[in-house]
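Below, read A as the first sequence line, B as the second, and so on, with proteins coming before strands; counting in each chain starts at 1.
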Amino acid sequence: MNKYIVSIPLESSFSFTECLWFLNRNFDDCLHTIYSDRVRKPLFINGKLILTDIFQKSDQLFIEIISGDFDESDAPLIQEYISEWFDLNRDITPFYRLLSKDPRFSYMNQEFAGLRLIGIPDLFEALCWGIIGQQINLTFAYKLKRRLVEKYGTHMTFENEEYHIFPTCEALARVDPEELRAMQFSAKKAEYLIGLAGIFVKKKLSKEILTALPDFLSRQKALTSVKGIGIWTANYALMKSLKEQSCIPYGDAGLMQALFSHQVIETKKDTQPINRFFRDFAGWESYLVFYLWRSLAKK
DNA sequence: CTCCAGGGCAAAT
DNA sequence: ATTTGCCATGGA
C-alpha cells in the first residue's frame, strides 16, 4: 500500500520527548508501543483498524499510517484523536508562570518542560481504566488491563507483533463476571465494569452526552451516579477524557504522596489543606495533578 | 508478618 | 452524618 502521512503543527511549548517518556515510564501499557523516537498505536477510525506511527519532525507531529485500510476522509478524525491524546490544542505557558511563582514547583518548568497532560480520548476506556486502578498498585492494574484487552479487545498484526485496541462496550457488556474473577479482578470490579459497559451500550452515557451537560458539577454528578464510579474515578475521567482543567482526584494515593514529598502536607492522610492549596492554581488544577504524578516516576 | 497501592460501597455507629 | 470493613494481589 501507499504510505499515508497526516501532520499536525506544533507550538514551541510542546516536547514530544517528555510525552514519550511519560508514556513509557515504569509500566507495561498494552495499548501502545514506544520505539526510540516514536510511538506506535492502533486506532479504530470510521469502523476500521489502522496502525499508526507517531513522531516529531521540526515543528510538526507526523502520523504515519503503516497498516490498515485508510483513506483521506479519515484524516480529520485521526488528527482529532492525536490532538486529544497529547493535548496539543492548549497554550500551557500560563501554567508555567504559576509554577515559577512557587519555589516548591518551579523546577518542573525545566525538568518537565513541554510535557502535556496525556489523555485517554475514549471515555469508556478512561472510566474502565479508572475502575481497574482503584485501590491497587499500578503494576497490578496494568496487568489486569492487559488481560482484559487481550481477551476482549480486537487486535491487528504487523510484522509478527500484535497491537491491541481497548474492548468495546458491546464486547464487555456480554462478559460473565466469573470470567473476570478468574482473571483476578475483584467481584466488585467485575460487576462495575460490566455494568458500565451496559450503560454505554444503552447510550445512557457517552462522551457526547457528558460534554453537552452545562457544567463541571453536573458532569461529575452524571458519572458518580454510576455504580463503581466515585469522586476519584469521575474526576480522573473528566481530566483524561474531557480535558476538564479543574479536576482534583480526591483520595488519590499518588497525589497525596506527591503533595507530601513537596512539603504541601504534613502526612499522607492530611486531606484538609488540599482545596486551599489548589486555589493558587485555579484553572490549572488538572495540569498540576498530572505534573505531580509525573514527579513520582523514577528516572 | 504487616502495610499499602492513582477507591468505592454498604453496613455500622 | 461520619466512620469502618471489605475487596484482590504483589511489592516494600
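- Taking atom NZ on K269(A) and atom P on dT2(C), their separation rounds to 17 Å, with Å as the unit.
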Between N or O atoms, less than 3.5 Å apart, protein on one side and nucleotides 1-4 of chain B on the other: list the pairs.
none

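- In this structure, K240(A) is not positioned above the aromatic face of W129(A) in the sense of NZ or CZ being under 6.0 Å from the six-membered ring centre and within 45° of the axis.
- Rounded to whole Å, atom C1' of dA8(C) lies 15 Å from atom CD of E191(A).
- A tilted orientation is assigned to the rings of F105(A) and F277(A), their planes being inclined by 30° to 60°.
- Between H164(A) and H155(A), the angle of the ring planes lies from 30° to 60°, which puts this pair in the tilted group.
- In this structure, the side chains of K41(A) and Y81(A) come closer than 4.5 Å at one or more pairs of heavy atoms.
- Taking atom CG of N26(A) as the reference point, atom P of dA5(B) lies 16 Å away to the nearest angstrom.
- Contact check on K48(A) versus D71(A) returns a salt bridge, with a Lys/Arg side-chain nitrogen under 4.0 Å from an Asp/Glu carboxylate oxygen.
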Test side chain to side chain donor-acceptor pair (under 3.5 Å) applied to Y192(A) and Q134(A), step by step | CA-CA 11 Å; Y192(A) 297 158; Q134(A) 288 168 6; over 6 Å; no

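- Rounded to whole Å, atom P of dA8(C) lies 11 Å from atom CG of L144(A).
- Residue I231(A) is classed as a sugar-phosphate contact, given heavy-atom separations below 4.0 Å to backbone atoms only.
- A salt bridge does not link D28(A) to K143(A): none of the charged side-chain nitrogens sits closer than 4.0 Å to a carboxylate oxygen.
- Proximity of L23(A) to D29(A): side-chain heavy atoms (C-beta onward) are nowhere separated by under 4.5 Å.
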Can you pull every protein N or O that's under 3.5 Å from an N or O on nucleotides 9-11 of chain B?
| residue | atom | partner | partner atom | Å |
| --- | --- | --- | --- | --- |
| dC9(B) | OP1 | G228(A) | N | 2.8 |
| dA10(B) | OP1 | K227(A) | NZ | 3.2 |

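- Nucleotides dA10(B) and dA8(C) have their P atoms positioned 15 Å apart, rounded to a whole Å.
- Looking at every heavy atom in both residues, F112(A) comes nearest to Y291(A) through O-OH, 3.4 Å.
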Determine, step by step, whether L259(A) and D270(A) satisfy the side-chain contact (heavy atoms from CB on, under 4.5 Å) criterion, reporting the C-alpha distance in whole Å, the side-chain angles of both residues, the deciding distance to 0.1 Å, and the verdict.
-> CA-CA 10 Å; L259(A) 290 177; D270(A) 186 8; over 6 Å; no

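- Atom name C1', nucleotides dT2(C) and dA5(B): the rounded distance is 24 Å, in whole Å.
- Spacing between atom CG of L255(A) and atom P of dG7(B) amounts to 10 Å, rounded to whole angstrom units.
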Stepwise ring-ring contact (aromatic ring centres under 6.0 Å, His included) test for F281(A) and W284(A) | CA-CA 5 Å; F281(A) 292 88; W284(A) 294 95; 9.9 Å; no

For nucleotides 9-12 of chain C, give me every protein contact, N/O to N/O, under 3.5 Å, one pair per line with atom names.
| residue | atom | partner | partner atom | Å |
| --- | --- | --- | --- | --- |
| dT9(C) | OP1 | Q184(A) | NE2 | 3.3 |

